[in-house]
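No hydrogens, no waters, no symmetry mates; every other heavy atom, side chains included, goes into these values. So you know, we letter chains A, B, ... as the sequences are listed, proteins then strands, and number each from 1.
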Amino acid sequence: MRNDVLDIAKRRGFFWQAFEIYGGLGGFYDYGPLGTALKENIIAAWRKHFVIKEGLAEIDSPNLTPREVFEASGHLDEFADFLTKCTRCGAVFRVDELTGATPGDVESARTMLREGGAKCSECGGELSDPVEFNLMFRTYAGAGMEREVYLRPETAQGIFVNFLNYYRYFREKLPFGVAQVGKGFRNEISPRKGLLRQREFNMAEIEVFLDPDEKVWGDFRDVEDEVLTLLTRGGEEHTLTAREALERGIVCAEPLLYFMARTKRFLVDLGIDEEKIRFRQHPEEELAHYSSDCWDCEVRISYGWIEVVGIADRTAFDLSRHMEHSGVDLRAFRRYSAPVKRKVRKIVPNMKTLGPMFRNRAAEVAAALERADPSSVDPSGRIAVKVENELIVVPPEGFTVEEMEEEVTGERIVPHVIEPSFGIDRILYALMEHAYYTRPDSGYRVLRFRPSIAPIKAAVLPLMAKDGLDNVAMEIHTLLRNAGIRCYYDDSGSIGRRYARADEIGVPFAVTVDYQTLEDGTVTVRERDSTEQVRVRKEELPAILKGLVEETLCFGDVKGV
RNA sequence: GCGGGUGUAGUCUAGUGGUAGGACAGGGGCUUCCCAAGCCUCUAGCCCGGGUUCGAAUCCCGGCACCCGCACCA
């Protein structure tokens, strides 16, 4: 079955190994005409399900990202490393942790490891030769190559670093969500399994920013009846509704569960087999460095259960780290429902005396005084403040301590992030496997794409390429294309062969011009899976096909003449 | 990255040192032909690079790619 799908993928133009004429390059694929169209249709469906329905802001940030971003995100520390493995127990270690120094290349890593005489700290076994483990592609920006940049391993950072822009865009109110469709790059050690593990891949990510004390998103009632199969960290398997999962505390964060249910609905809507979808919670040790809880949506295909969507609670990790590293305040303001009044003692600088006393540093001293704690005024009435690492003692006449009433309207908080991250290529491949079947009578191959997802919507076929049937069919072909329907004309070989060719790439409808067309202007429309036909007037064809393709009209409801 | 396997037209495959063959797919034709019918015809291939040999798809070495397992998978 897998081979049939891969055969169709290559032969008919869905996808194939890239750079083949130069021997190929592992982990890189081309999408051909049909694959590109299919991918676009999947993304369009994703937009409908998430961007539009959830009211997200879709954005587009660069693939190349400066080093600093990944220093902050932790990707550099965690993944640009030399690793060694215990040959006895299989435990994995970082060379820099074992030797206390960071090696520059594999050779020096090996030397350091051997000279240090390091052994496995778990079982004392011998360690393997180190392996370079840098999953990010590095390059340089600028003529002088002065900026080190990396191809992003996820699109998420492009959203986090712009948090303030999106916060402003959403008029400074939580919660809000930002989405991005784009490419991610990971220099996988061994890319495998075709589209499933590429070095350059398509992803669609959502970052939802929430108040940590009020982690809710969407209307849970919309999804509460959705039945989910859940594999918990503890090894239990449950099949229950989202409501039950929430009430029994199987998934702790409500928005996580909400997006899990929405994800399932999206996949089923695409044509993924509902019976072959499950959610698996990451065990502690599998969690990424940034997430506190994560559920993978897995789909069963010929390769087994594969992850197609990851739904993670990234907590305040990313924003906190970018705050530390950039020095920019990335907090949101949580407004209290009513302002809180409170009495405070404050130091008020007296500029009249501070000015002559400190001259050009007076402003800094005043600022330091305002930040200082009134209780640190010493018994003699003086206070010491730090200005540019210098301790300055300000005499009593330089300030007053005043008691005043202050109105506090809110506080600053670091939002938490819920991240549903979709692997578009994996979804596309899984969809192809799930859509594939062979006709029981003939064994002919069919892709059962629903009309809105199918890359090509209609085939226009003259029964015979003569007697003027071909001309009429070509006219209809033009008519349909002008109506915005993606279709093709085919007159080669027998009519049966042409139906089979169309079925193999999942064309849902075939329009056939026959001898009766010449008499009364009607054509037949054939539905792919049932192979049933209905005869309609050719003038009505664009409207009927548009309805069928947009799924506002069912094939069974098409009125024949 | 390690171990095992595999690379022959678009796809599947025959060919174990001596002229690369087939099937399917594809193109052109014939046949009033609605589910890959038949017939004629054409296109198209030894993964790449070295070596051994008079001669390599075949043997050897290296590389690349794919598959399976391990490891890795933010």
Worksheet item: Got A:Met203 and A:Phe422 here, is their nearest side-chain heavy-atom distance under 4.5 Å?
Response: no
* Is there a side-chain polar atom (N or O) of A:Ser190 under 4.0 Å from OP1 or OP2 of B:G1? -> no
5'-most contact on RNA chain B (nearest-nucleotide basis), A:Glu20 vs A:Arg535, goes to A:Glu20
How about CZ on A:Arg67, more than 12 heavy atoms from neighbouring residues, nucleotides or ligands closer than 6.0 Å, or not? yes
Side-chain donor/acceptor contact of A:Arg526 with base of B:C35 under 3.5 Å: yes
message = What's the gap between B:U32 and B:C24 when it is taken at their P atoms, as a whole Å value?
response = 24 Å
* Asked: With no angle test and no hydrogens, is the base of B:G26 tied to the side chain of A:Arg12 by a donor-acceptor pair under 3.5 Å?
  -> no
Quiz prompt | Row check, A:Phe509 ring normal vs A:Arg526 NZ/CZ: under 6.0 Å, within 45° | solution = no
State whether A:Gln533 places a side-chain N or O below 4.0 Å from either non-bridging phosphate oxygen (OP1 or OP2) of B:C34.
no
Please report the distance separating the C1' of B:A37 from the corresponding atom of B:G5, rounded so that it comes out in whole Å.
41 Å
Against the side chain of A:Tyr515, the closest entry in B:G26, B:U32, B:C70 is B:U32
OP1 or OP2 of B:U11 under 4.0 Å from side-chain N/O of A:Lys10 = yes
Closest to the 5' end of RNA chain B, once A:Ala500 and A:Asp7 are matched to their nearest nucleotides, is A:Asp7
For nucleotides B:C40 and B:A56, find the distance between their C1' atoms and express it as a whole number of Å. 37 Å
Do any N or O atoms from the side chain of A:Arg498 and from the backbone of A:Leu463 form a donor-acceptor pair under 3.5 angstrom?
yes
Worksheet item: So does A:Arg497 get a side-chain nitrogen or oxygen closer than 4.0 Å to the phosphate oxygens (OP1/OP2) of B:G26?
Response: yes
Q. Hey, does A:Arg197 reach any base, or is it just sugar-phosphate, or nothing, if we go heavy atoms under 4.0 Å?
A. base
